[in-house]
Visitor: 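Below is one structure. I have some questions about it.
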Number of protein chains: 2
Amino acid sequence: MNLKTLAKKLQLSQTTVSRALNGYPEVSEATRRRVEEAARAHNYRPNSRAKGLATGRAMVIGHVIPASTQHEMVNPVFGDFIAGASRAYAAFGYDMMFTRVDDGDEEQVYHALVAKGSVDGVILQGPRVNDGRIPLLNRIGLPFIVHGRSSGIDESYGWVDVNNKRSFQRATEFLLDLGHRRIALINGLEQMDFAHRRREGYVEALKTAGIEPDPALMRSAEMTEVYGHRETREMLKMENPPTAILAASMISAIGVRRAIDEAGLTLARDVSVITHDDDLSYLRNGSDVPIFTATRSSVQQAGEILSRMLIEKIEQPDAPNQTHMLEAELVVGRSTGPAPEMRR
Amino acid sequence: MNLKTLAKKLQLSQTTVSRALNGYPEVSEATRRRVEEAARAHNYRPNSRAKGLATGRAMVIGHVIPASTQHEMVNPVFGDFIAGASRAYAAFGYDMMFTRVDDGDEEQVYHALVAKGSVDGVILQGPRVNDGRIPLLNRIGLPFIVHGRSSGIDESYGWVDVNNKRSFQRATEFLLDLGHRRIALINGLEQMDFAHRRREGYVEALKTAGIEPDPALMRSAEMTEVYGHRETREMLKMENPPTAILAASMISAIGVRRAIDEAGLTLARDVSVITHDDDLSYLRNGSDVPIFTATRSSVQQAGEILSRMLIEKIEQPDAPNQTHMLEAELVVGRSTGPAPEMRR
DNA sequence: AGGGAAATCCAAAGCGCTTTGGAAAGCGCC
DNA sequence: GGCGCTTTCCAAAGCGCTTTGGATTTCCCT
């Protein structure tokens, strides 16, 4: 069922049927109702490719996902993020499209995306420090919003980010207040901007307290459970082990806890742990009392805000770039306590 | 840059340029090279909507995701699954598109998808027992492959599934062999087909061993960490608590372990745990020795097989439906041991 | 009744591609 | 030189929609 045959059935021109369905005022209410009814009856939907060709709009938002280096897709954060984003997309009639890209081909892929006209805009996930994709997209002129920011990039761009520096600074201060002096940071990959900022916050809090950061207590890698476990086990074997650990995610924190358990130590009493909690649906930080003391910020919410902003940007490309900073909340759970030395 | 202007630049007709780029034999090697070079130089990509209009193919594969009941998207399994799928898509030039659907609107959405012509086929995720979407898609004639199966549906359809019944049967037998008699099942939502089958396997193993399944030991819900924790805590408080627990996923197993720890019990010694391990990238079952004894089956691999099958189905719609059964492997880790009673 | 504005509708062009049905050119061969 | 064949190219139709520019009808007002 297409416009032509529908119009024929209705004894109307394609123009009128099209206008009736798209809410133009040049058509009487009576015929509009008649048309709408017939469309429903015949299960008519305008072909999206034809519509796109005619309007120049795809009604699709792209997510370009680097395949190898950082496993954007398999990170559990991903699902919650796009779940949030999809809420806004659905509300505004957009679909979302994913393109997997091998590293190095990113520029190609963005060019292709705009040349092929398959998306109206993209969301830029996992920005790195000094991320070349931002100037690239600005140059190409494809509307985009960044999930996060990119230190070192001066040009204007829209973003939604958690105040990572501040939240890790506060978390560190909280541990310092509890008397901890040997505080470890099990961070994400530090080429990632969010990890970079978290480290800044951590280092700054230590320095303010007059403590020189110990490189042996600072780790960086992809935030898996195994990683959290391995680094913790190693550090607990040190002659001067940390009494507190800042973990980058719930998943790595779970690995941290496992290592602490295996070492025969007790969480909070022997080793305090603070993690960042993205408020993932399948990995809630406990039901009533939080399992971990954590800096919490919902990534679903970020996704929703972000996609709203992108849709606005697409519809008004010349409006100034918007930015949105989310403050993480420090929730105190059962994974932190006074430093062991303080206890005696 | 479009075909027309590119053709003009080359002093050729659109036809020839199109044929040259699409590998038709009616064009000399010399001109083909000339055309390809010019295309590269001008960064030309055929507009995908126009191409789709002309060919009737979208080169897009759809994933329709129910929004509320089962949070398909936020389940960490989702990311690994589509990471696997996207490998095949990328290799064959397909993009993937996601459509979020509120419950009840599914039929509408599938109809819309085929009417709008925005996808060439879909992957059906999270099939329930007796899932109406399968007959629906067969009726509509949209190519699809099911990730899993649907008990109670007799018509023919393509699927890729793990032998869930067998793997949970084996896991239960393994626990029985260790002397366990009180074995709990912390299952997924049992309207989901995979969970339904797992329960069958579990029940059958018990019955074969002459043990009547105890409804108080069988739980069913969405497989979150908090759920695993809560059910375990409850069951451990019973007057006749289980000595072994079958968990539905790594994430719920982590909750199970947390509850065991909190109860002051020791994993494997006091309570044995077996989980199903989807081999998620961020949640590997340990690095060397498996943390949990588990039935393991890579969901990434399933995704890749599935998407390959779907592409074949799209390209040869009349070929008979293929099916692919994956056997889960039972890996013995450090979460199981002889039943406590046996120890004395 | 007649003029002009408003309401309602339509034919046809155009979006950028593929593909059909031919045409023109080049070639060997009798 | 003319025939048939292959090679190489092209004009134009068509995919299904939106939208421009214009035609026709209706309605109101003087």
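These values consider heavy atoms only, across backbone and side chains, with no hydrogens, waters or symmetry-generated copies. Naming: A, B, ... by sequence-line order, numbering from 1 per chain.
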Visitor: Indicate whether OP1 or OP2 belonging to dC17(C) is found under 4.0 Å from a side-chain N or O atom of Thr55(B).
Guide: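 For Thr55(B), the contact criterion (side-chain N or O under 4.0 Å from OP1 or OP2 of dC17(C)) is not met.
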Visitor: Can you measure Asn47(A) atom CG to dC17(C) atom C1' for me and round it to whole angstrom units?
Guide: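 Computing the Asn47(A):CG to dC17(C):C1' distance gives 14 Å.
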Visitor: Could you tell me how far apart Met59(B) (CE) and dC15(D) (P) are, to the nearest whole angstrom?
Guide: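 Rounded to the whole Å, the gap is 22 Å.
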Visitor: For Glu29(A) and Lys51(B), find the nucleotide of DNA chain C closest to each by heavy atoms; which residue's nucleotide sits nearer the 5' end?
Guide: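 That would be Glu29(A).
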Visitor: Give Thr15(A) one of three labels, base, sugar-phosphate or nothing, depending on what nucleic acid heavy atoms sit under 4.0 Å from its own.
Guide: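 The answer is base, as Thr15(A) lies within the cut-off (heavy atoms under 4.0 Å) of a base atom.
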Visitor: Should Arg149(B) and Asp193(B) count as an ion pair when the cut-off is N to O under 4.0 Å?
Guide: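 Looking at Asp193(B) together with Arg149(B), the answer is no, because their closest N to O distance does not fall below 4.0 Å.
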Visitor: With nearest nucleotides of DNA chain D determined for Val17(B) and Ala54(B) from heavy-atom distances, which residue corresponds to the more 5′ nucleotide?
Guide: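 On the 5' side of the pair lies Val17(B).
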Visitor: Quick check on DNA chain D: between Leu53(A) and Pro25(B), whose nearest nucleotide comes earlier from the 5' end?
Guide: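 Its nucleotide being nearer the 5' end, the pick is Pro25(B).
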Visitor: So, OP1 or OP2 of dG16(C): does either fall under 4.0 Å of a side-chain N or O from Asn2(B)?
Guide: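 Yes, because at least one side-chain N or O of Asn2(B) sits under 4.0 Å from OP1 or OP2 of dG16(C).
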Visitor: Could you tell me how far apart Glu26(B) (CD) and dG21(C) (P) are, to the nearest whole angstrom?
Guide: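 Going from CD in Glu26(B) over to P in dG21(C) covers 14 Å.
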Visitor: For the pair made of CZ in Arg34(A) and C1' in dC9(C), what is the distance, rounded to whole Å?
Guide: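 Checked: the CZ to C1' distance equals 12 Å.
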Visitor: Under 4.0 Å between a Lys/Arg side-chain N and an Asp/Glu carboxylate O for Glu37(B) and Arg33(B)?
Guide: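 No, no charged N to carboxylate O under 4.0 Å.
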Visitor: Should Ser48(B) be listed as having a side-chain N or O under 4.0 Å from OP1 or OP2 of dC17(C)?
Guide: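 No, because none of the side-chain N or O atoms of Ser48(B) sits under 4.0 Å from OP1 or OP2 of dC17(C).
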Visitor: For dC9(D), does OP1 or OP2 lie under 4.0 Å from any side-chain N or O of Tyr24(B)?
Guide: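 Result: no.
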Visitor: Taking Arg32(A) first and then Glu36(A), would you say they form a salt bridge - that is, a charged N and a carboxylate O separated by under 4.0 Å?
Guide: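 Glu36(A) and Arg32(A): not salt-bridged.
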Visitor: In whole Å, what is the span from the CG atom of Leu3(A) to the P atom of dG14(D)?
Guide: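 For the pair Leu3(A) CG and dG14(D) P, the rounded distance is 18 Å.
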Visitor: Return the value, rounded to whole Å, for the distance between atom CZ of Arg32(A) and atom C1' of dA7(C).
Guide: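 In whole Å, dA7(C) C1' lies 13 Å from Arg32(A) CZ.
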Visitor: Within the structure, does a side-chain N or O atom of Asn22(B) lie under 4.0 Å from either OP1 or OP2 of dT18(C)?
Guide: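 Checking dT18(C) against Asn22(B), a side-chain N or O does come within under 4.0 Å of OP1 or OP2.
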Visitor: Would you please confirm or rule out a distance under 4.0 Å between OP1 or OP2 of dT8(D) and any side-chain N or O of Thr16(B)?
Guide: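 So the side-chain polar atoms of Thr16(B) never come under 4.0 Å of the phosphate oxygens OP1 or OP2 of dT8(D).
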Visitor: OP1 or OP2 of dT18(D) less than 4.0 angstrom from a side-chain nitrogen or oxygen of Ser18(A), does that happen here?
Guide: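 Yes, because at least one side-chain N or O of Ser18(A) sits under 4.0 Å from OP1 or OP2 of dT18(D).
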Visitor: Between C1' on dC10(D) and CZ on Arg19(B), what's the gap in Å once rounded to a whole number?
Guide: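 Arg19(B) atom CZ is separated from dC10(D) atom C1' by 10 Å.
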Visitor: Rounded to whole angstroms, how far apart are CD on Gln14(B) and P on dC15(C)?
Guide: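 So the CD-P distance, Gln14(B) to dC15(C), works out to 11 Å.
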Visitor: Look at the aromatic rings of Tyr89(A) and His63(A) and report parallel, tilted or perpendicular, splitting at 30° and 60°.
Guide: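 The arrangement is perpendicular - the two ring planes meet at more than 60°.
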Visitor: Can the ring centroids of Phe78(B) and Tyr282(A) be said to lie less than 6.0 angstrom from one another?
Guide: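 Centroid distance Phe78(B)-Tyr282(A): not below 6.0 Å, so no.
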